[in-house]
Chemist: 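The structure's right below; bear with me while I get my questions together.
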Amino acid sequence: MSDDIIGGIMATAGREPGRTAIIDGRGREISYGELARRVEAVRTAMTGRPRSGPAPRYGPVPNEDSRSREKDRGPVDGQTGTEDRGSTGDRPHARDQGGTGDRDGTEDQSHARDQGGTGDRDGTDGGLRPGDGVLFAVRPGVDAVVLALGAVAAGGTLVLADPGLAPEVLGARMTATRPRWVVAESLLYTLSGPLKGLARRRGLLLPNLRDPLPGQPVRHLYTGPWLPGVPRAALRLSRILRSPGDNAPKKPAPSPDTPDTLDPTAPDATSTTGPDMSGAGAPDISEISADQPAAVIFTSGTTARPRGVVHTRGSLAAGLALFRSAFPLGPGDVVHTDQLMLGLPALLAGATWSLPGDGDPAEEMAARGATHTFAVPVHLDRLLRRTPRLPETLRYLLLGAAPAPPAVLRRAIEAGPEVLSVYAMTEALPIAIASAREKLAQAEGDLLGAPLPGVGVRIADDGELFVSGPHLARRYLGEDPLEEIATGDLVRIEEGRLVLLGRKKDMILRDGVNIYPGLYEPAVAALPGVAEAAIVGLADPETGDEEVVLAVIPAGGYDEGLLRKALPAIIDAAALPDRIEPLDAFPRSGRADKLDRAALRDLVTRRA
């Protein structure tokens, strides 16, 4: 496999261009050859031809004369004589693209100039250069995959726009990354511009996509129908994807309220054939280094110093290779997920990436013959309560993002597939994988599994796990390169396998004894009448000593008296709880619905 994520996917497309690569949320298919063509079209549009010096090489360099450049670009303003029917509600933009002028009566020549790579209206050079930041705001779908891969192929570094952040936090992230391009859905331009007041009232906070960092010019590429707020000079994905001479009848446009995930103005979106990427026309990725930054993923940090994890094309490729080494995956398999770190290994392996739609997950997996899927434990719990038995085609179910309670693991096993729990962190994806059966057999602590091949582990004197390896992020934004990363997890090694004892910051101190909640929580949650369990400490403001509180979510047959009698057999005497608090649900946070221990402490404090 290539040590570069883009090269690996292009190589897969070269081997079997006609194989189905992606199924979108509405069940439409795109072939590997067509995926490769679209990625290359986005790369070409974003790099353009700088005013001075050659363009970064990743495939055929545009011809010198303007007529050849127009042929390479495909249909541009006025070339085809037809409207751009990406959406039934796109007529104002269609008039602009056709060269008949904006609604204010002016000629819209700027868009055509931008398509040719001759610069923005402010005179700045519009071509993306390796290392340029690309502010990315596209929801999961085929367009998101194409645009993300195309931007990275061009040498860009993706900066994910995370809605819901306070304006000062967003501003700090923009200052730290200084994006030169914005790639976004047209709806998000509207919500961050003309309708930003409405969006904020509904809790959606977005950077100003038209001008994310005042004073720094940016270029724009958007997907979806034209909407108010989209810059007039922005490139449109559907126009980029048109092939020269593409005059085939267009498919019916989707309804105005449906995102054009597979744009019907592009060459036959459901075709299972595509260009032969294996011959002379295949993109040349040899000039792009695997050390090229590919994405900045923000995890934490203060407003003054945002904490961004910088992954390279090589580190991402190494992480994807580790996923592929952990479970069988190849042509004929169908991976049902919206997670990039599982969908991309599918593409590298020649499998089909199935993107979830709005329907019932179990029904979608059955209809598409899914063989692999990924779930967050709390979401899987909800699914299995509705659908105790998963489709027969499903061979592997991967769990991640948060520890899975024993009750969820047992139900997942009963649902049919092989259940694997992935231990990973943003800086190192993945680290170890353990089966659900192995985790349930672990008597003490939470089994994480043996470190995956090539993953280096070191346990510090205080028990904290440090990780290294080729999949390690290059650095934190603005900091020195990483050699290893502190996980914040306290572990021990048993027979070559990592066993989680707890989070370093979650340690409780009582009577001079260090208590690690993760050492006991799985065993408590496995007791009859207990669905989930969490242990937190409440510090005494005078002594600093902590009260130990066991919070539980009761299941059928819960009896606090029986629970208290059972605890001494599974919890050390020095760690027994001072009190037990049954709750209807645990507070959770983040996209993965992780247990929010701070909120839990607050909750049980109020109940004291």
Side-chain angles (χ1 to χ4, degrees), residues 1-2 5 8-9 12 19-23 315-356 361-362 364-366 368-377 379-380 383-384 390-404 408-425 428-442 446-455 457 467 469-471 496-498 500 592:
M1 192 187 96
S2 170
I5 183 174
I9 291 175
T12 302
R19 183 180 292 278
T20 299
I22 303 175
I23 304 175
S315 67
L316 290 176
L320 300 179
L322 286 175
F323 269 115
R324 288 182 58 195
S325 71
F327 52 88
L329 182 62
D333 288 329
V334 178
V335 181
H336 190 71
T337 183
D338 62 359
Q339 299 290 312
L340 276 173
M341 292 306 291
L342 190 56
L344 292 179
L347 297 181
L348 289 166
T352 297
W353 181 357
S354 167
L355 289 159
E364 283 187 345
M365 287 189 284
R368 300 181 187 184
T371 58
H372 300 65
T373 193
F374 174 88
V376 172
H379 297 163
L380 178 64
L383 172 62
L384 294 179
L390 295 176
E392 296 294 331
T393 59
L394 195 65
R395 301 199 314 271
Y396 289 93
L397 169 61
L398 274 71
L399 295 173
V408 174
L409 293 177
R410 284 193 290 268
R411 286 203 302 275
I413 292 173
E414 293 169 359
E418 177 73 13
V419 182
L420 302 176
S421 182
V422 181
Y423 173 58
M425 57 190 306
L429 294 159
I431 297 170
I433 294 179
S435 74
R437 297 182 188 277
E438 290 174 325
K439 293 175 76 69
L440 290 172
Q442 180 68 27
D446 185 8
L447 179 68
L448 304 177
L452 292 169
V455 176
V457 297
V467 173
H471 66 321
R497 303 184 302 177
L498 299 171
L500 178 66

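Throughout, residue positions are numbered sequentially from 1 according to the sequence presented. Any value given below was found using the heavy atoms of this structure, including those in side chains, with hydrogens, waters and symmetry copies removed.
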Chemist: Quick check: closest heavy atoms across L394 and P417, and the distance to 0.1 Å?
Modeler: O-CB, 3.4 Å

Chemist: Taking all heavy atoms of F374 and all of L399, pick out the closest pair and write down the distance.
Modeler: CE1-C, 4.0 Å

Chemist: Considering non-hydrogen atoms only, spot the tightest contact between P328 and D333 and give its length.
Modeler: O-OD2, 4.1 Å

Chemist: What closest approach, in Å, do R497 and L447 show between heavy atoms, and which atom pair accounts for it?
Modeler: NH1-CD2, 3.5 Å

Chemist: Using atom types as modelled and distance alone, determine if a side-chain donor or acceptor of T371 lies under 3.5 Å from a backbone N or O of V334.
Modeler: yes

Chemist: To the nearest 0.5 Å, tell me how far I413 CD1 sits from E418 CD.
Modeler: 8.0 Å

Chemist: Drop me the distance from I23's CD1 to E364's CD, to the nearest 0.5 angstrom.
Modeler: 10.5 Å

Chemist: Roughly how far apart are L329 CG and R395 CZ, rounded to 0.5 Å?
Modeler: 8.5 Å

Chemist: Between L448 and I431, is a side-chain contact (heavy atoms from CB on, under 4.5 Å) present by the stated rule, with each step listed?
Modeler: CA-CA 9 Å; L448 304 177; I431 297 170; over 6 Å; no

Chemist: Return the set of residues passing ring pair (Phe, Tyr, Trp, His ring centres under 6.0 Å) with H336 (not counting sequence neighbours), or none when no residue passes.
Modeler: none

Chemist: Just do the side-chain contact (heavy atoms from CB on, under 4.5 Å) check on L390 and L383 with the steps written out, would you?
Modeler: CA-CA 9 Å; L390 295 176; L383 172 62; 4.1 Å; yes

Chemist: Working to the nearest 0.5 angstrom, can you tell me the gap between L322 CG and I433 CD1?
Modeler: 8.5 Å

Chemist: A415 and L384: which non-hydrogen atoms are nearest, and at how many Å?
Modeler: CB-CD2, 3.8 Å

Chemist: Quick one: closest heavy-atom pair of P470 and G454, and the distance?
Modeler: CD-O, 3.5 Å

Chemist: Please check: side-chain N/O of R368 versus main-chain N/O of L355, any donor-acceptor pairing under 3.5 Å?
Modeler: yes

Chemist: Could you tabulate the donor-acceptor pairs under 3.5 Å formed by side-chain atoms of residues 339-352, not counting sequence neighbours?
Modeler:
unit_1, atom_1, unit_2, atom_2, d
T352, OG1, T20, O, 2.8

Chemist: I need the T12 OG1 to R19 CZ distance, nearest 0.5 Å.
Modeler: 10.5 Å

Chemist: Below 30° counts as parallel, above 60° as perpendicular, anything between as tilted: where do the rings of F327 and H372 land?
Modeler: tilted

Chemist: Are the side chain of W353 and the backbone of T337 linked by a donor-acceptor contact shorter than 3.5 Å?
Modeler: yes

Chemist: Say whether, by atom type as modelled, one donor and one acceptor occur between the side chain of S421 and the main chain of A436 under 3.5 angstrom.
Modeler: no

Chemist: Find the distance between CG (L397) and CG (L409) and round it off to the nearest 0.5 Å.
Modeler: 9.5 Å

